[in-house]
Amino acid sequence: MARYIREVELNRPEEFVQYIMTDFLGKQGFQMKEFKGELVYRAGNGLLEIPKFLTWGYQNGRFHIEAWTRNCWLPGVYGRENALDGFMGCIPKEAYKKDIEALIGLLFQPLAQSEMPEKQGNPGTPVMSQNPRMNVQQPIYVRGTDMSRYATMALVFSLVGIVCTCLSGILGLIWGSLGIVYGKKAMDSQKKGMATAAFVIGIVTDVLAGIVCVLKIILAISQMV
């Protein structure tokens with residue numbers, strides 16, 4: 001078993017931890033699945049995004065998380081576990097590792113209790129938490145997962161796709177599709193405009209790349225006749 005494992009002392013309200021994790025898993029596209037007899041969160045089908053797996057728990061103030069990827073030979077056909085290091089698939093694994101580290105950073109964010117986030121200079125979402133001293137529910141304002149960096153990645157992928165389309169329709173399809181996938185991920189981020197542009201450029205790239213592929217097939221057939 002090769003997994004990236006972190007365990008940290010948090011001592012934060014359970015409602016806060018649950019909110020941060022639900023927000024992170026939802027925005028990253030994770031869904032709970034039973035895999036090899038274990039309940040895990042999984043994202044990515046192996047076609048355009050590496051299959052990512054995650055488990056987590058929070059008990060007695062300690063937060064535990066395990067993250068890993070798997071080789072994917074065909075959709076639904078997985079190979080061995082891979083830790084978030086090593087040469088094979090190093091770019092997506094490094095990105096996944098940064099996501100986990102950013103998540104842990106969010107779990108350690110300062111909590112502004114009972115005050116509007118604007119006054120704290122820290123916009124966030126109110127989450128109800130139990131105040132043990134007063135035995136009442138009070139809101140705490142927290143920042144969720146920001147997918148802004150995916151907007152930049154998506155724009156780069158889409159632009160690379162445009163260039164690759166001139167060289168190879170297949171490469172254009174791959175990079176354009178990556179622009180679409182990551183652009184969609186970042187639609188609700190602070191860089192929504194960039195994400196939308198990347199998404200649209202990715203679609204245009206795929207259309208042009210598809211045309212290039214069809215033309216090459218027609219040309220190949222005509223030369224065989």
Side-chain angles (χ1 to χ4, degrees), residues 3-35 38-45 49-69 84 92-131 137-154 180-196 198-199:
R3 300 184 179 184
Y4 172 84
I5 300 175
R6 286 287 302 275
E7 186 164 320
V8 294
E9 192 78 29
L10 275 183
N11 293 318
R12 295 296 181 91
E14 290 188 11
E15 299 87 349
F16 162 73
V17 177
Q18 185 65 52
Y19 169 79
I20 292 295
M21 291 305 302
T22 300
D23 182 65
F24 172 83
L25 294 169
K27 289 179 178 177
Q28 291 282 353
F30 280 94
Q31 294 182 339
M32 180 174 281
K33 305 282 185 180
E34 183 174 350
F35 188 81
E38 180 183 15
L39 280 177
V40 302
Y41 290 94
R42 190 186 74 199
N45 57 14
E49 188 176 9
I50 189 172
K52 301 182 294 187
F53 295 81
L54 180 150
T55 62
W56 72 280
Y58 186 61
Q59 189 173 16
N60 298 324
R62 294 192 67 83
F63 177 78
H64 180 91
I65 188 169
E66 299 182 11
W68 66 100
T69 66
L84 305 188
K93 288 194 296 187
E94 181 63 23
Y96 185 24
K97 186 175 181 180
K98 287 182 178 180
D99 288 336
I100 299 299
E101 292 172 346
L103 168 66
I104 293 173
L106 283 175
L107 290 169
F108 279 103
Q109 68 181 279
L111 302 183
Q113 192 167 41
S114 302
E115 296 184 28
M116 292 300 292
E118 291 80 6
K119 295 181 180 179
Q120 295 293 318
N122 181 28
T125 301
V127 178
M128 298 306 294
S129 177
Q130 186 72 24
N131 187 323
Q137 290 277 321
Q138 289 185 319
I140 53 177
Y141 292 90
V142 302
R143 291 180 294 107
T145 299
D146 183 13
M147 304 291 283
S148 294
R149 73 186 189 88
Y150 280 102
T152 304
M153 292 172 60
I180 294 172
V181 170
Y182 285 93
K184 186 176 180 180
K185 280 177 176 286
M187 284 293 188
D188 293 329
S189 72
Q190 296 178 4
K191 295 183 178 180
K192 181 178 180 179
M194 181 183 291
T196 302
F199 184 81

Who passes side chain to side chain contact (heavy atoms under 4.5 Å, CB included) against [X], sequence neighbours left out?
{"X": "Lys184", "result": "Phe199"}
{"X": "Glu9", "result": "Asn11, Arg62"}
{"X": "Lys98", "result": "Glu94, Arg149"}
{"X": "Thr152", "result": "Lys191, Met194"}

With heavy-atom distances below 4.5 Å as the criterion, would you say the side chains of [X] and [Y] are in contact?
{"X": "Lys185", "Y": "Gln28", "value": "yes"}
{"X": "Ile104", "Y": "Glu101", "value": "no"}
{"X": "His64", "Y": "Ile5", "value": "yes"}
{"X": "Val40", "Y": "Trp68", "value": "yes"}
{"X": "Leu25", "Y": "Leu54", "value": "yes"}
{"X": "Leu106", "Y": "Asp23", "value": "no"}
{"X": "Met187", "Y": "Met147", "value": "no"}

| request: Name the orientation class of the two ring planes belonging to Phe30 and Phe24 (parallel below 30°, tilted from 30 to 60°, perpendicular beyond 60°). | output: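 Phe30 and Phe24: parallel rings.
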| message | Does the plane of the ring in Phe53 sit parallel, tilted or perpendicular to the ring in Phe35? Use 30° and 60° as the thresholds. | response |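 Because their plane-to-plane angle lies in the 30° to 60° range, the rings of Phe53 and Phe35 count as tilted.
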Give the minimum heavy-atom separation between [X] and [Y], together with the two atoms involved.
{"X": "Ala186", "Y": "Ala151", "result": "CB-N, 3.5 Å"}
{"X": "Lys93", "Y": "Leu84", "result": "O-CB, 4.1 Å"}
{"X": "Gly183", "Y": "Ala154", "result": "N-CB, 3.2 Å"}

| request: Just do the side chain to side chain contact (heavy atoms under 4.5 Å, CB included) check on Phe63 and Met21 with the steps written out, would you? | output: CA-CA 11 Å; Phe63 177 78; Met21 291 305 302; 3.7 Å; yes
| Within the distance-only criterion (no hydrogens, no angle test), does the side chain of Lys52 pair as donor or acceptor with the backbone N or O of Tyr96 below 3.5 angstrom? |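 No: the side chain of Lys52 does not pair with the backbone of Tyr96.
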| said: Test your reading of the model: is there a side-chain donor-acceptor pair from Arg12 to the backbone of Phe108, 3.5 Å cut-off? | reply: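 Side chain of Arg12 to backbone of Phe108, a donor-acceptor pair under 3.5 Å: yes, one is there.
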| field | Residues in side-chain hydrogen bond (donor to acceptor under 3.5 Å, both in side chains) contact with Thr55, at least two apart in sequence or another chain | value |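 Applying side-chain hydrogen bond (donor to acceptor under 3.5 Å, both in side chains) to Thr55 gives none.
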| message | The criterion is side-chain hydrogen bond (donor to acceptor under 3.5 Å, both in side chains); which residues satisfy it with Asp188, sequence neighbours excluded? | response |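 Expected list: none.
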| said: To the closest 0.5 Å, what do you measure between OH (Tyr150) and CG (Asp99)? | reply: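 Answer rounded to 0.5 Å: 3.5 Å.
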| query | What's the verdict on side chain to side chain contact (heavy atoms under 4.5 Å, CB included) for Trp56 and Ile100, showing C-alpha distance, side-chain angles and the deciding distance? | reply | CA-CA 11 Å; Trp56 72 280; Ile100 299 299; over 6 Å; no
